[in-house]
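Everything on this sheet refers to the single structure shown next.
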Amino acid sequence: MIEISDLKKTYYMGKIEVPALRGIDLTLEQGEFIALMGPSGSGKSTLLNMIGLLDTPTSGGIVIDGIAVSALDDNGRSDFRLKKMGFVFQFFSLLMELNSIENVALPIMMDDRKNDRAAMLLELVGIGDRANHYPNELSGGQQQRVAIARALANEPSILLADEPTANLDTESANQIVELFRELNKKGQTIIMVTHEPELGEKADRIIKIKDGRVVA
Ligand code: ADP
Ligand code: MG
């Protein structure tokens with residue numbers, strides 16, 4: 001469970017204050033598939049990055065699985081992030097010189113059977129037959145599947161996806177959201193940022209953000 005209370009984030013550009021989040025209160029349950037929607041610049045990525053412990057709030061609290069993560073120091077945060085969070089981004093961010101299985105195995109540490117697990121994850125996301133392909137030999141949709149398998153490598157408590165379909169054609173985008181649905185059915189908690197109303201509707205719950213506030 002994720003409990004967010006009066007979360008604020010202000011960026012500073014020189015002396016100019018940019019209020020990105022102006023007091024967010026939310027409770028997200030374990031096992032939910034959530035779509036985070038809102039106009040460009042509304043604070044979606046900022047909120048996702050706060051939940052994913054990639055960035056720290058200016059004020060307010062986040063409690064994840066009973067742990068007050070906003071009170072953790074840098075080491076505690078990165079430790080929590082590595083163990084509990086899986087990230088999927090708009091630009092896949094695979095290592096081009098590694099093949100699919102190597103990309104997925106990368107975050108799996110000190111384990112003799114990491115390649116077995118990576119192969120299983122590639123099967124799970126529907127591209128078991130592309131294990132030895134390099135990113136430039138894969139379509140965008142296939143690359144994103146590899147990125148999703150990699151995000152699942154450490155059995156994250158939460159899968160966070162920031163506009164994961166923004167660089168995909170409509171059909172591939174639909175397939176990726178369908179894959180999220182299947183993973184969610186198996187119990188994976190997912191928070192997905194998207195611009196596309198049709199894709200957001202496939203989530204259990206849509207949270208709309210505008211000007212750094214939750215509006216619906
Ligand atoms: P969204 O993902 O909804 O498009 P963001 O969370 O990226 O919105 O941004 C929210 C606001 O915060 C915007 O006004 C943006 O310009 C600003 N912002 C985001 N990141 C930074 C940063 N690192 N430095 C300064 N301003 C930022
Ligand atoms: Mg964004």
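Any value given below was found using the heavy atoms of this structure, including those in side chains, with hydrogens, waters and symmetry copies removed. Whatever order the structure lists ligands and atoms in, that order sets their numbers, starting from 1.
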Next item on the list: Everything protein-side that's N, O or S and under 2.8 Å from the Mg ion (ligand 2): list it, residue and atom.
Entry: S45 OG
Next item on the list: Answer yes or no for K15 and Y12: cation-pi contact, defined as NZ/CZ to six-membered ring centre under 6.0 Å and angle to ring axis within 45°.
Entry: no
Item checked: Pair D73 + R77, salt bridge at N-O below 4.0 Å -> no
Would you kindly say whether [X] and [Y] are connected by a side-chain donor-acceptor distance under 3.5 Å?
| X | Y | value |
| --- | --- | --- |
| S157 | D65 | yes |
| N49 | T46 | no |
| T27 | E3 | no |
| S5 | D25 | no |

Checklist line | Set of residues that line ligand 1, where lining means a heavy atom lies under 4.0 Å from it | finding: Y11, M13, V18, A20, P39, S40, G41, S42, G43, K44, S45, T46
Next item on the list: Measure the shortest side-chain to side-chain distance between M50 and L7 over non-hydrogen atoms and say whether it is less than 4.5 angstrom.
Entry: yes
Check: With L159, which of N184, I191, L152, T189 fulfils side-chain contact (heavy atoms from CB on, under 4.5 Å)?
Finding: L152
Check: Within the side chain of Q144, is there an N or O that forms a donor-acceptor pair under 3.5 Å with the backbone of G141?
Finding: no
